[in-house]
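Report on one structure; see the data block that follows.
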Amino acid sequence: MKWDNERCDHTTIRLAKPVNLAVPSAMSGLYPANLSVDAVSFAAGQPNERYFPTVAMKRAIDQALNPGGQHLFQYHDVLRNPELRAQLAARIARTGGVSATQDNVVLTVGGQQGLEVIAKTVLNPGDDVIVEGPGYFGALGAFDLCEPPYHTVPLQADGVDLEQLEATLKQYPETKLFYTVPDYQNPTGVTMSVAKRQRLVALANQYDFVILEHSPYRDLGYPRAPLPIIKHFDTQGPVVFLSSFSKMLVPGLRVGWLVADGDLLAGIQKMLLASNLGAASVVQESLANYMKENDLDAHMVELKNHYHEQHDAMIAAIQKYVPDAVTVTHPTGGFYYWVTLPQGIDTTAILANIAAPQAHVTYIPSANFYPQHDVHNGLRLSYSGVTPAQIDAGMCRLGQVLETAIKRAQPVPEA
């Protein structure tokens with residue numbers, strides 16, 4: 001039968017409120033299409049493919065599928081792979097200062113599923129959520145499904161502004177969730193101090209809210225070892241720690257993991273069962289094999305050396321090409337720099353009309369990192385997927401674009 005689209009009367013589908021098609025997703029329109037072949041992208045915060053441990057990972061996958069491995073293709077309990085969970089518990093105890101066991105570790109399909117499952121475990125529609133401003137757009141996309149009223153708290157050089165956070169908690173005492181990326185924050189690169197981590201847990205105990213500590217970049221600090229995680233200071237169970245293998249090893253395997261306790265842990269496990277039904281057993285077994293047969297710490301040292309070179313190339317290019325009227329964060333790890341332009345400059349419009357189509361350089365505008373999309377004079381630069389030569393060429397073009405935009409925004413002095 002041939003379907004005649006021109007004659008078909010389409011029924012109006014009543015979609016759920018959280019997927020209101022009139023409201024764009026926090027993750028929509030991030031990466032311009034149809035770019036020139038010489039385009040330089042500072043947009044995607046993705047790891048560099050050149051540094052994937054492809055040979056070792058293939059060996060780990062082959063080992064998982066050796067004779068007898070066919071059982072991994074069967075359904076398995078959603079908690080699955082006790083060996084991998086035990087390995088991760090031991091690692092977070094050693095590097096993060098948390099006395100966790102495999103029973104505290106939950107495996108997810110990437111960090112993004114972890115965000116969604118935690119949000120659905122904690123939030124009812126209408127529950128207040130506090131986020132960092134700017135904050136990770138992937139988390140906003142996950143939280144949007146729970147229809148929360150958002151309250152944004154600004155960042156300082158050493159992490160979230162705790163005075164403003166407490167003022168917000170007093171104003172919205174029913175707040176259920178605070179979301180933070182404390183290590184080399186996405187998108188600013190800011191790292192929260194140890195003192196603030198400890199004080200944040202005290203606030204969670206006092207005001208009865210959950211801290212979602214999302215930290216996929218904590219192993220990518222260049223000059224120092226990772227700080228104790230926020231959950232290190234958790235004695236009453238309000239903190240859930242979330243990370244993934246995407247930045248440490250490879251994102252394509254889509255394995256995230258979280259650490260939680262008590263009722264929060266039980267609720268997450270129940271929600272995950274409804275979401276997954278079964279575990280990604282082949283992938284999890286392969287990662288357990290990789291962890292057993294390879295030195296992940298040595299791989300991280302090599303990875304940090306590579307990214308440190310790109311980090312330094314980016315700051316050198318920023319100092320060379322970016323106008324003085326622009327302010328830039330000074331991260332010491334992770335993937336990102338955050339750029340703030342004078343008020344009145346719209347980086348979304350600049351990207352769409354000038355940077356991408358004319359200068360052939362891309363970034364992510366600040367509007368994507370705020371739940372109300374109401375801050376327009378900033379942008380995120382990611383250096384992880386580009387070479388030092390590409391960084392220099394791209395920042396040269398972008399610097400010219402920004403300088404022109406600033407000059408046009410400045411009022412002409414009267415004669």
Side-chain angles (χ1 to χ4, degrees), residues 24-48 132-138 140-141 155 181 184-190 217 307 310-331 334-370 373-406 408-409:
S25 166
M27 294 179 283
S28 64
L30 294 176
Y31 310 115
N34 303 318
L35 295 176
S36 167
V37 293
D38 68 337
V40 176
S41 175
F42 299 127
Q46 60 189 24
N48 197 312
E132 296 168 328
Y136 174 47
F137 53 76
L140 298 177
L155 290 167
V181 181
Y184 316 114
Q185 195 245 14
N186 183 359
T188 65
V190 165
Y217 305 97
Y307 287 133
Q310 292 163 248
H311 165 277
D312 290 351
M314 177 62 84
I315 191 59
I318 287 172
Q319 293 170 344
K320 188 190 303 186
Y321 299 119
V322 169
D324 291 339
V326 169
T327 60
V328 183
T329 55
H330 295 278
F335 284 2
Y336 310 111
Y337 282 87
W338 182 256
V339 176
T340 304
L341 284 72
Q343 290 290 341
I345 296 177
D346 187 341
T347 57
T348 301
I350 292 172
L351 176 65
N353 300 325
I354 302 171
Q358 298 180 26
H360 304 157
V361 61
T362 63
Y363 53 81
I364 298 185
S366 56
N368 291 91
F369 298 96
Y370 288 85
H373 301 273
D374 56 351
V375 176
H376 302 284
N377 65 318
L379 59 93
R380 188 191 78 177
L381 298 173
S382 174
Y383 53 81
S384 57
V386 281
T387 65
Q390 290 172 321
I391 290 170
D392 188 81
M395 289 306 301
C396 180
R397 300 178 208 166
L398 182 59
Q400 295 171 359
V401 170
L402 298 182
E403 184 172 7
T404 299
I406 291 170
R408 288 178 178 174

Fill in: Pairing residues for Y370 by the ring-ring contact (aromatic ring centres under 6.0 Å, His included) criterion, not counting sequence neighbours
none
Worksheet item: Between the side chains of Y336 and Y217, is a donor N or O closer than 3.5 angstrom to an acceptor N or O?
Response: yes
Please tabulate, for side-chain N and O atoms in residues 315-327, each donor-acceptor pair with protein atoms closer than 3.5 Å (sequence neighbours left out).
residue: K320; atom: NZ; partner: D392; partner atom: OD1; Å: 3.1
residue: Y321; atom: OH; partner: D392; partner atom: OD1; Å: 3.2
residue: Y321; atom: OH; partner: D392; partner atom: OD2; Å: 3.1

Worksheet item: N48 and Y307: side-chain contact (heavy atoms from CB on, under 4.5 Å), yes or no, with the steps?
Response: CA-CA 9 Å; N48 197 312; Y307 287 133; 4.0 Å; yes
Item to complete: Return the set of residues passing side chain to side chain contact (heavy atoms under 4.5 Å, CB included) with T188 (not counting sequence neighbours), or none when no residue passes.
Response: P134, L155, Q185, V190, T329, W338
Practice prompt. To the nearest 0.5 Å, tell me how far S366 OG sits from I345 CD1.
Written response: 11.0 Å
Which donor-acceptor pairs under 3.5 Å do side chains of residues 396-403 form with protein atoms, sequence neighbours excluded?
residue: R397; atom: NH1; partner: D38; partner atom: O; Å: 3.1
residue: R397; atom: NH1; partner: A359; partner atom: O; Å: 3.3
residue: R397; atom: NH1; partner: H360; partner atom: O; Å: 2.9
residue: R397; atom: NH2; partner: D38; partner atom: O; Å: 3.3

Item to complete: Verify the distance criterion only: is there a donor paired with an acceptor across the side chains of N368 and R380 at less than 3.5 Å?
Response: no
Fill in: Y363 to L379 - nearest heavy-atom pair and separation
CD1-CB, 3.5 Å
Discussion item. When you compare the side chain of F137 with that of I364, does any pair of heavy atoms fall below 4.5 Å?
Written reply: yes
Worksheet item: Taking only residues two or more places apart in sequence or in another chain, which ones pass ring-ring contact (aromatic ring centres under 6.0 Å, His included) with F42?
Response: none
Practice prompt. Drop me the distance from Y136's OH to N186's CG, to the nearest 0.5 angstrom.
Written response: 6.5 Å
Practice prompt. Give a yes or no on whether the ring-centroid distance for F335 and H311 is below 6.0 angstrom.
Written response: no
Worksheet item: Rounded to the nearest 0.5 Å, how far does CG of L381 lie from CE of M395?
Response: 5.0 Å
Worksheet item: Which heavy-atom pair separates T347 from G378 by the least distance, and what is that distance?
Response: OG1-O, 2.6 Å
Worksheet item: Do V386 and S41 have side chains that get closer than 4.5 Å, going by heavy atoms?
Response: no
Discussion item. Let me confirm one number: the CD1-OG1 distance from I354 to T404, rounded to the nearest 0.5 Å.
Written reply: 7.5 Å
Worksheet item: Would you say P331 and Y337 make side-chain contact, with heavy atoms under 4.5 Å?
Response: yes
Worksheet, complete the sentence: Nearest heavy-atom contact between S384 and Q310 is O-NE2, 3.0 Å
Worksheet entry | Closest approach of A356 to T362 (non-hydrogen atoms, all atoms of both residues) | CB-CG2, 4.1 Å
Item to complete: Sequence neighbours left out, what passes side chain to side chain contact (heavy atoms under 4.5 Å, CB included) with D312? Give chain and number order.
Response: H308
